[in-house]
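Keep in mind that what you see is a predicted model, and the values were worked out from it rather than measured.
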Amino acid sequence: MRGHGRLPDLALRTYGGSVVAASDESFAEKEALIRPGRPEFRPRTFGAKGQVYDGWETRRRREPGHEWAVVRLGLPGVIRSVVIDTAWFTGNYPPFASVEACTADGYPAPDELTGWVEIVPRAALTGDAAHEFEVTDPRRFTHVRVNIFPDGGVARLRVHGEVVPDPRFLSGLTVDLAALENGARVVACSDEFYSSPESVLAPGLARNQAEGWETARRRDGGNDWLVVALAGPGTVAVAELDTTNLLYNAPGAAALRGIDGRSAALDDEHAWFTLLPEARLQPDSRHRFRLDDDRPLTHARIDIFPDGGLARLRLLGSLLS
């Protein structure tokens, strides 16, 4: 079973997350909470407000109460774990924190959010450490609120979970059945040496090689591949294989197959059918292929030859009603 840390970060800025409100951000901005990547630190780097931190830092409270920040999840879903990372905060970290979550329809203002429930009870924190808390609430959430007691700094907030899309935007439309935001996920992969294969399903365009999937160099004569569980059973009309930013490590070619997992096991090689025969790929390019097979599928497998990576994989089609 995959660990919670391998699940997508539903709050990540590059997945559409936003820190919509905070009680205070006097020393360091709230937006840093959901930045991608590890927090950075350069000692003795002082600005007008003191040492510069790659994180969210509040003033020192001189009255009762506590500080908080509200995050709108870029990918609403079921939360399985929360990570509160106090990296580089040593004499100014909060000694305690808790996390709440709520579900809101539409796009309410932060002060209009209601129905908050506690998903991480108040817990002790230490400085310069990543604290992971398991979440057992099975409901779908759209927002989280991290509370720190009484004040201090948090470098990153990670909200790992399973994407649960709004079904109103999936039925009767042409959608990307391989999109993370629509509920697709990578269920198997031959190699993820340089970066996570789930990155190929992320929203938007990859800004660099780290925001795609890249394998190690193969020396055994084989090829690399990954299997995607689609947003639901459907048909695919267009496949987009994007090698943007992969200048000298793009695959030489790729092929795409599908299977209907409702009637066949994924390890049944004979049940897989060809969607796209092996096709040559170019570096740093978005390749679009029209597919002529209207058989339904629940999973897709892409093989790359012999190795390399992809920035994005898009499978445009329709969900079965």
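With a 4.5 Å cut-off between side-chain heavy atoms of Ile, Leu, Val, Met, Phe, Trp and Tyr, the cluster of Val164 takes in Val78. Under a 4.5 Å side-chain heavy-atom criterion applied to ILVMFWY residues, the cluster that includes Phe149 comprises Phe96 as well.
Residues Cys102 and Gly115 share a closest heavy-atom pair of CB-O, 3.8 Å.
Considering OG1 of Thr215 and CG of Asn249, their distance stands at 8.5 Å, rounded to 0.5 Å.
Between Glu29 and Arg35 there is a salt bridge, with a side-chain nitrogen of the basic residue lying less than 4.0 Å from a carboxylate oxygen of the acidic one. A salt bridge links Glu63 to Arg61: at least one charged side-chain nitrogen sits closer than 4.0 Å to a carboxylate oxygen.
Residues Ser318 and Val175 fail the side-chain proximity criterion, which asks for heavy atoms closer than 4.5 Å. Contact annotation: the side chain of Leu125 approaches that of Ile84 to within less than 4.5 Å [non-hydrogen atoms, C-beta and beyond].
When the shell of 6.0 Å around CD of Glu40 is examined, it contains 12 or fewer heavy atoms from other residues, nucleotides or ligands.
Pairs engaging residues 200-210 under the salt bridge (charged side-chain N to carboxylate O under 4.0 Å, His left out) rule: Arg207-Glu211 [sequence neighbours left out]. Annotation: side chain to side chain donor-acceptor pair (under 3.5 Å) contacts involving residues 265-279, sequence neighbours excluded, comprise Arg257-Glu269. Residue pairs meeting the salt bridge (charged side-chain N to carboxylate O under 4.0 Å, His left out) criterion with at least one member in residues 155-165, sequence neighbours excluded: Asp9-Arg158, Asp54-Arg156, Arg80-Glu162. For the side chain to side chain donor-acceptor pair (under 3.5 Å) condition, the pairs that include at least one residue of residues 119-130, sequence neighbours left out, are Thr126-His131.
Listed by chain and number, the residues in a salt bridge (Lys or Arg N to Asp or Glu O under 4.0 Å) with Arg262 are Asp260 (sequence neighbours excluded). Partners of Arg314 according to the side-chain hydrogen bond (donor to acceptor under 3.5 Å, both in side chains) rule, which considers only residues two or more places apart in sequence or in another chain, do not exist here. In terms of the ring-ring contact (aromatic ring centres under 6.0 Å, His included) criterion, residue partners of Phe89 (sequence neighbours excluded) are, by chain and number, Tyr53. With sequence neighbours excluded, the residues forming a salt bridge (Lys or Arg N to Asp or Glu O under 4.0 Å) with Asp220 are Arg218, listed by chain and number.
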Check: residues 14-24 side-chain donor-acceptor pairs under 3.5 Å, at least two apart:
from	atom 1	to	atom 2	distance (Å)
Ser23	OG	Glu67	OE1	2.5
Ser23	OG	Trp68	N	2.9
Ser23	OG	Trp68	O	3.4
Asp24	OD1	Ser26	OG	2.8
Asp24	OD1	Arg59	NE	3.3
Asp24	OD2	Ser26	N	3.0
Asp24	OD2	Ser26	OG	3.0
Asp24	OD2	Arg59	N	2.9

Which atom pairs, donor and acceptor, lie under 3.5 Å between side-chain atoms of residues 229-245 and protein residues at least two apart or in another chain?
from	atom 1	to	atom 2	distance (Å)
Glu240	OE1	Arg286	NH2	3.2
Glu240	OE1	Arg288	NH1	3.1
Glu240	OE2	Arg286	NE	3.3
Glu240	OE2	Arg286	NH2	3.2
Asp242	OD1	Thr244	N	2.8
Asp242	OD1	Thr244	OG1	2.5
Asp242	OD2	Thr244	OG1	3.4
Thr243	OG1	Gln282	O	2.7
Thr243	OG1	Asp284	N	3.1
Thr243	OG1	Ser285	N	2.9
Thr243	OG1	Ser285	O	3.0
Asn245	ND2	Ala206	O	3.0

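In this structure, Thr90 contributes its side chain and Gly127 its backbone to no donor-acceptor pair below 3.5 Å.
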